[in-house]
Trainee: 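My structure is below; once you've seen it, I'll send some questions.
Residue numbers begin at 1 in each chain, while the letters A, B, ... track the order of the sequences.
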Protein chains: 2
Amino acid sequence: MAFTYAYPHPAVATDIAVFTLRRGALHVLLIERGGEPFLGAWALPGGFVQPEEDLDACARRELQEETGVESDVLLHFANFSAPCRDPRERVISVAYLALMPSDELRVEGSSDAAQAQWFPIGDLPPLAFDHEEILRQALANLGARARGVTLLFALLPPRFTLSQLQAAYEAVTGEEAEKRNFRKMVLGLGCVRETDDFAHGSHRPARLYEAAA
Amino acid sequence: MAFTYAYPHPAVATDIAVFTLRRGALHVLLIERGGEPFLGAWALPGGFVQPEEDLDACARRELQEETGVESDVLLHFANFSAPCRDPRERVISVAYLALMPSDELRVEGSSDAAQAQWFPIGDLPPLAFDHEEILRQALANLGARARGVTLLFALLPPRFTLSQLQAAYEAVTGEEAEKRNFRKMVLGLGCVRETDDFAHGSHRPARLYEAAA
DNA sequence: GAACTTAGTGTCGTCAATACACGAACATGG
DNA sequence: CCATGTTCGTGTATTGACGACACTAAGTTC
């Protein structure tokens, strides 16, 4: 066995708050725990870091394992390290937030998760561990970063209308935006490029945009 | 022994980039390592998390032990978790940045540190581990947060002149500010309160300000 | 083809940020 | 003590950004 430092080693896990939009409302993905502690309770997906991966890779792997999806956006936003946040032993949680377009949801259970399910923000069950606090901070962080707009692309399909983008903006920040000003801002930022195609289906078709190079 | 999760446990440490201003230039505190690995190399202060403390407390304690000072500002900004960043075993580093007024420096060595010393940014020795990368990110993060101005109070004595504040702003962000506009901005933010005292010593005395309630 | 619904646009007023120059107050040195 | 030098401290005019606001355009649906 290799040398190890003479200090106690805590367990280290990542927890991921995965957000998506469904019918215009922000939802978060929760799993029902399949083991102790908190058997049967809802929790954020996540798991322990493996020896050969860094924390980003751990979060990406756990997300893949527990939801079957890969997210372009996977952002670390805080650590949670209270000594007793897990009743069994010390676990330091490295918290990430992830975004995905609602199309790509393939919610599946796994060994650690009896089931996985989307919950609307604002109608959440009680959560295991300190996950309510983690989720609170994830939402605050997401809201702050959403002002840059580019983050929101990860909540939308590859091509989207400006109305969709605005709806995402409003759902995430909680603030209403004025249509003309919002469009001016987005186009002014230069972060979208217009395509020649239009979204049909309801009333007047809307031009489709995509993320700029 | 209590139950432990059946996953390998990495070592977890905090590393702290402590900044101060000396003669108008931003400096960072480095220690000369007193043990292997990287014996004799310069490194950021830091150390392993103890069972009964959370990460913030760990950073605060290490800062106290290795520099003898307590900082009001101690901010987590990133994790560093490449599996091989420490040659002996896996160590996940939780990186903090701290600020302190140049008055309060009591640089002392310790068991882990042969000596501690302030280095000007821009004239740094080679650093141990991945500490050069950590420091780079700390500087970028500090620069971004300094625009809020309130963070800068931690670099100054309790009462300071607006010229001092502006010098701190310029040293940290690297950008020059226009005197009248800078004062307008600071006073407009309402984050400082003027006192009835003045700083004497050179030429015309400058009014002293303090952090607003 | 009439009615409905969403898409898309331009202007004006207000406010914030920028650039810019000089008199005031004190220290220093002759 | 007076002249000089240095930093402190202020106001205005211009410009660009942001917010409010109402109507026409284009398809869909009935």
Trainee: Check the phosphate of dA7(C) against Arg207(A), side-chain N and O only, distance under 4.0 Å to OP1 or OP2. Yes or no?
Mentor: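 The answer is no; no side-chain N or O of Arg207(A) sits under 4.0 Å from OP1 or OP2.
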Trainee: Along DNA chain D, 5' to 3', what are the outermost nucleotides having an atom less than 4.0 Å from a heavy atom of chain A?
Mentor: dG19(D) to dT29(D)
Trainee: Could you check Glu178(A) against Phe198(B) and say which one's nearest nucleotide on DNA chain D is further toward the 5' end?
Mentor: Phe198(B)
Trainee: In this structure, are over 12 heavy atoms from other groups packed under 6.0 Å from Glu176(B) atom CD?
Mentor: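 Count not over threshold, so no.
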Trainee: Taking the side chain as C-beta and beyond, is there a heavy-atom pair between Trp42(A) and His131(A) under 4.5 Å?
Mentor: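 With C-beta onward as the side chain, the pair stays apart.
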Trainee: Measuring only between side-chain heavy atoms, which start at C-beta, is Leu208(B) closer than 4.5 Å to Thr161(B)?
Mentor: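 Counting from C-beta outward, Leu208(B) and Thr161(B) do come under 4.5 Å.
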Trainee: Give the rounded distance in Å between these two atoms: NE2 of His203(B) and C1' of dT28(C).
Mentor: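 Taking atom C1' of dT28(C) as the reference, NE2 of His203(B) is at 8 Å.
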Trainee: Do the side chain of Arg204(B) and the base of dA25(C) come within less than 3.5 angstrom through a donor-acceptor pair of N or O atoms?
Mentor: no
Trainee: Does some side-chain heavy atom of Leu21(A) sit less than 4.5 Å from a side-chain heavy atom of Leu26(A)?
Mentor: yes
Trainee: Any protein N or O atoms within reach of nucleotides 11-17 of chain C? Criterion: under 3.5 Å, listing atom names and distances.
Mentor:
residue : atom : partner   : partner atom : Å
dT11(C) : O4   : Lys184(A) : NZ           : 3.2

Trainee: Which parts of residues 187-195 of chain A get close to DNA chain D, meaning a heavy atom less than 4.0 angstrom away?
Mentor: none
Trainee: Looking at side-chain heavy atoms only, is the closest gap between Asp15(A) and Val94(A) below 4.5 Å?
Mentor: no
Trainee: What's the shortest heavy-atom distance between Glu178(A) and Gln166(A), and which atoms?
Mentor: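 Nearest heavy atoms, Glu178(A) then Gln166(A): C-NE2, 4.1 Å.
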Trainee: Sequence neighbours excluded and cut-off under 3.5 Å, please list the side-chain donor-acceptor pairs for residues 186-193 of chain B, or say none.
Mentor:
residue   : atom : partner   : partner atom : Å
Arg193(B) : NE   : Glu210(B) : OE2          : 3.3
Arg193(B) : NH2  : Glu210(B) : OE2          : 3.4
Arg193(B) : NH2  : Ala211(B) : O            : 3.4

Trainee: Students often get this wrong, so: under 4.0 angstrom with heavy atoms, is Thr161(A) touching a base, only sugar-phosphate, or nothing?
Mentor: nothing
Trainee: Is the shortest heavy-atom distance from the side chain of Arg90(B) to the side chain of Ser81(B) under 4.5 Å?
Mentor: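 In contact.
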Trainee: So do Leu30(B) and Glu32(B) actually touch side chain to side chain, heavy atoms under 4.5 Å?
Mentor: no
Trainee: Looking at Val49(B), Leu55(B), Leu74(B), Leu44(B), which hits side-chain contact (heavy atoms from CB on, under 4.5 Å) with Thr14(B)?
Mentor: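 Exactly one candidate clears the test, Leu55(B).
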Trainee: Could you check Tyr209(B) against His200(A) and say which one's nearest nucleotide on DNA chain D is further toward the 5' end?
Mentor: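 The 5'-side residue here is Tyr209(B).
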Trainee: Atom CG of Leu162(A) and atom CZ of Arg183(A): how far apart are they, to the nearest 0.5 Å?
Mentor: 5.0 Å
Trainee: Are Val12(A) and Val91(A) close enough that some pair of their side-chain heavy atoms sits under 4.5 Å apart?
Mentor: no
Trainee: Looking at the side chain of Arg180(B), which of dC20(C), dG8(C), dG10(C) is the nearest nucleotide?
Mentor: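 Minimum distance to the Arg180(B) side chain belongs to dC20(C).
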Trainee: When the C1' atoms of the five terminal pairs at each end define the local axes, what inter-axis angle does the helix from dG1(C)-dC30(D) to dG30(C)-dC1(D) show, to 10 degrees?
Mentor: 10°
Trainee: Please tabulate, for side-chain N and O atoms in residues 139-153 of chain B, each donor-acceptor pair with protein atoms closer than 3.5 Å (sequence neighbours left out).
Mentor:
residue   : atom : partner   : partner atom : Å
Asn141(B) : OD1  : Arg145(B) : NE           : 2.7
Asn141(B) : OD1  : Arg145(B) : NH2          : 3.1
Arg145(B) : NH2  : His76(B)  : O            : 3.2
Arg147(B) : NH2  : Glu175(B) : OE2          : 3.2

